[in-house]
Amino acid sequence: MITTMNVQHLESLNDAVEHITGVRVRETVPDRIIQMADEVQLIDVAPQALRQRMREGKIYATAKVEQALANFFKIGNLIALRELALRELADDVDERLEAQQAKIALRGPWRRQEAVFVCVSSDRHAERLIRRGFRMAYRLKAIWHVHHIHIGESMSDEVKCHLEALEQLTIRLGGQFHIHHSPRLRDVPEILARKASEARATQLVVGQARRVWWLNGYRGSGSVVNRLVRLSRHLDVLIVADYDYELSGM
């Protein structure tokens with residue numbers, strides 16, 4: 001079977017594409033489809049040539065051409081998307097080459113088994129953290145887990161629905177999703193640190209969004225993320241930037 005797809009539809013690149021173009025692509029393809037392919041080829045065309053094809057009506061209906069050229073298909077966007085596609089293909093080639101070499105002989109020093117541990121809240125930034133955790137795990141050839149801690153006993157239907165969506169996203173990308181409960185916010189760092197240790201995590205991923213609960217301080221103890229980092233000094237820690245905070249100018 002032979003099929004084609006545009007790079008902006010790859011699930012794990014969804015946040016990067018939105019950051020570049022300002023458009024959230026809703027129709028996505030799980031990354032495992034690329035990983036399952038026997039061969040991946042890049043079909044590329046210069047941005048100017050693509051825009052000319054659009055003007056000639058070879059891609060979109062004439063009524064949609066000018067709007068598309070002025071928005072998603074601007075020169076700058078197309079150059080950035082082209083770079084994303086080239087990087088994705090380079091990663092795929094590197095992955096296949098390393099797999100082929102592994103069949104012949106082990107080369108270089110023995111590499112430790114990596115495990116990525118992603119901490120998410122129930123806000124909309126959680127999807128970005130999950131995608132970042134997946135891409136880190138993919139490059140490290142690591143197992144990866146996503147963990148959420150719910151504060152309190154009851155959980156609203158809205159939160160349940162959102163957590164189910166996060167779990168589905170995690171599973172689509174090949175990870176494992178876990179939900180834990182805690183009666184108090186102050187216990188969150190210890191719970192996450194313990195779960196990370198049980199998972200034998202080597203990489204910790206947390207968010208930098210203002211609305212994420214583990215960045216909110218509580219009296220006399222500092223922020224949750226600071227305590228978590230102190231408890232995780234044996235791990236590499238990635239604090240993912242909040243693009244919305246940067247764009248807001250605050």
Side-chain angles (χ1 to χ4, degrees), residues 2-37 39-95 118 120 123-139 162 165-166 168-170 172-173 205 207-212 238-250:
I2 299 176
T3 189
T4 62
M5 65 168 288
N6 295 327
V7 68
Q8 64 262 29
H9 294 288
L10 198 59
E11 174 67 59
S12 69
L13 294 178
N14 197 251
D15 297 309
V17 171
E18 182 182 23
H19 190 57
I20 291 168
T21 66
V23 177
R24 171 67 72 174
V25 177
R26 300 299 176 184
E27 303 81 13
T28 59
V29 176
D31 289 60
R32 68 173 180 274
I33 300 299
I34 299 293
Q35 298 162 15
M36 291 168 57
E39 183 178 358
V40 178
Q41 295 185 9
L42 177 66
I43 302 174
D44 192 21
V45 63
Q48 295 83 351
L50 176 59
R51 286 169 60 87
Q52 183 58 37
R53 284 175 56 83
M54 294 187 69
R55 291 191 183 96
E56 295 170 354
K58 296 180 178 179
I59 300 176
Y60 284 162
T62 304
K64 297 182 178 180
V65 169
E66 290 306 320
Q67 181 182 2
L69 290 174
N71 293 281
F72 192 89
F73 291 94
K74 292 185 291 189
I75 287 289
N77 289 352
L78 293 176
I79 291 173
L81 291 173
R82 193 182 195 188
E83 181 183 11
L84 276 183
L86 290 168
R87 288 184 176 183
E88 195 64 30
L89 183 64
D91 287 343
D92 181 77
V93 170
D94 182 66
E95 177 75 16
V118 184
V120 299
D123 77 353
R124 61 191 179 87
H125 297 280
E127 292 185 4
R128 179 182 300 160
L129 293 174
I130 291 172
R131 294 188 182 101
R132 179 61 68 87
F134 160 75
R135 295 197 67 80
M136 178 185 289
Y138 179 70
R139 290 191 172 96
H162 186 57
L166 295 179
Q168 291 172 7
L169 173 61
T170 302
R172 282 203 309 273
L173 291 173
V205 180
Q208 191 174 298
R210 289 168 298 164
R211 293 162 293 279
V212 175
L238 172 64
I239 301 178
V240 179
D242 176 12
Y243 304 136
D244 295 340
Y245 181 82
E246 176 185 2
L247 294 174
S248 69
M250 297 179 64

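Side chains are part of it too, since the values below use all heavy atoms of this structure and drop only hydrogens, waters and symmetry mates. For this chain, numbers begin at 1 and follow the sequence in order. Every value quoted in this text rests on a predicted model; they were computed, and no experiment measured them.
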- line: Those residues at least two apart in sequence (or on a different chain) that pass salt bridge (charged side-chain N to carboxylate O under 4.0 Å, His left out) with Arg26 are none

message: Using the side-chain hydrogen bond (donor to acceptor under 3.5 Å, both in side chains) criterion, which residues pair with Asn77? Sequence neighbours excluded.
response: none

message: Checking Phe73 now: which residues fulfil ring-ring contact (aromatic ring centres under 6.0 Å, His included) with it, not counting sequence neighbours?
response: Tyr60

query: Side chains of Ile59 and Leu50: closer than 4.5 Å at any heavy-atom pair?
result: yes

- request: Measure the spacing between CD of Glu27 and CE of Met5 and express it to the nearest 0.5 Å.
  value: 11.5 Å

message: Run the side-chain hydrogen bond (donor to acceptor under 3.5 Å, both in side chains) test against Gln168 and tell me which residues pass, sequence neighbours left out.
response: none

query: So do Leu84 and Leu81 actually touch side chain to side chain, heavy atoms under 4.5 Å?
result: yes

message: I'd like to know if the side chain of His9 and the backbone of Val29 have a donor-acceptor N/O pair within less than 3.5 Å.
response: no

task: Taking the side chain as every heavy atom from C-beta outward, state whether Arg24 and Asp15 have any atom pair closer than 4.5 Å.
output: yes

- prompt: Does Asn6 have any side-chain hydrogen bond (donor to acceptor under 3.5 Å, both in side chains) partners at least two apart in sequence or in another chain, and if so, which?
  reply: none

- request: For residues 72-88, pull every pair meeting salt bridge (Lys or Arg N to Asp or Glu O under 4.0 Å), keeping only residues two or more places apart or in separate chains.
  value: Asp44-Arg82, Glu83-Arg87, Glu88-Arg135

task: Taking the side chain as every heavy atom from C-beta outward, state whether Arg132 and Leu238 have any atom pair closer than 4.5 Å.
output: yes

- request: For the residue pair Leu169 and Glu11, establish whether any side-chain heavy-atom pair is separated by less than 4.5 Å.
  value: yes

- prompt: Tell me, which pairs form a salt bridge (Lys or Arg N to Asp or Glu O under 4.0 Å) where one or both residues lie in residues 54-70, sequence neighbours left out?
  reply: Glu56-Lys58

Heavy-atom closest contact (Ala126 atom, Leu166 atom, distance): CB-CD1, 3.6 Å

message: Looking at Leu13, is its backbone amide N or carbonyl O close enough to the side chain of Arg131 to form a donor-acceptor pair, meaning the two atoms are under 3.5 Å apart?
response: no

- line: dist Thr21:OG1 -> Gln8:CD (nearest 0.5 Å) comes out at 8.0 Å

statement: In terms of heavy-atom contacts, Gly133 and Val118 come closest through CA-CG2, 3.8 Å

statement: Sorted by chain and residue number, the side-chain contact (heavy atoms from CB on, under 4.5 Å) partners of Ala85 (sequence neighbours excluded) come out as Val7, Leu42

task: Quick one: pull up CD1 in Ile33 and CZ in Arg172 and give me the separation to the nearest 0.5 Å.
output: 11.5 Å

- prompt: Within a strict 4.5 Å, meaning less than it, do heavy atoms of the Glu127 and Ile130 side chains meet?
  reply: no

message: With side-chain contact (heavy atoms from CB on, under 4.5 Å) as the criterion, how do Leu10 and Asp31 come out once you've worked through the C-alpha distance, each side chain's angles and the decisive distance to 0.1 Å?
response: CA-CA 6 Å; Leu10 198 59; Asp31 289 60; 3.6 Å; yes

query: Looking at residues at least two apart in the chain, or sitting in another chain, which of them share a side-chain hydrogen bond (donor to acceptor under 3.5 Å, both in side chains) with Asp92?
result: Arg96

Shortest non-hydrogen separation from Pro47 to Ile79 and the atoms involved: CG-CG1, 3.8 Å

message: Around atom CD of Gln67, are there more than 12 heavy atoms from other residues, nucleotides or ligands closer than 6.0 Å?
response: no

query: Between Gln48 and Ile75, does a side-chain contact (heavy atoms from CB on, under 4.5 Å) hold up when you go through it step by step?
result: CA-CA 7 Å; Gln48 295 83 351; Ile75 287 289; 4.2 Å; yes

- prompt: Which residues pass the side-chain contact (heavy atoms from CB on, under 4.5 Å) test with Gln41, sequence neighbours left out?
  reply: Glu39

message: Checking Arg51 now: which residues fulfil salt bridge (charged side-chain N to carboxylate O under 4.0 Å, His left out) with it, not counting sequence neighbours?
response: none

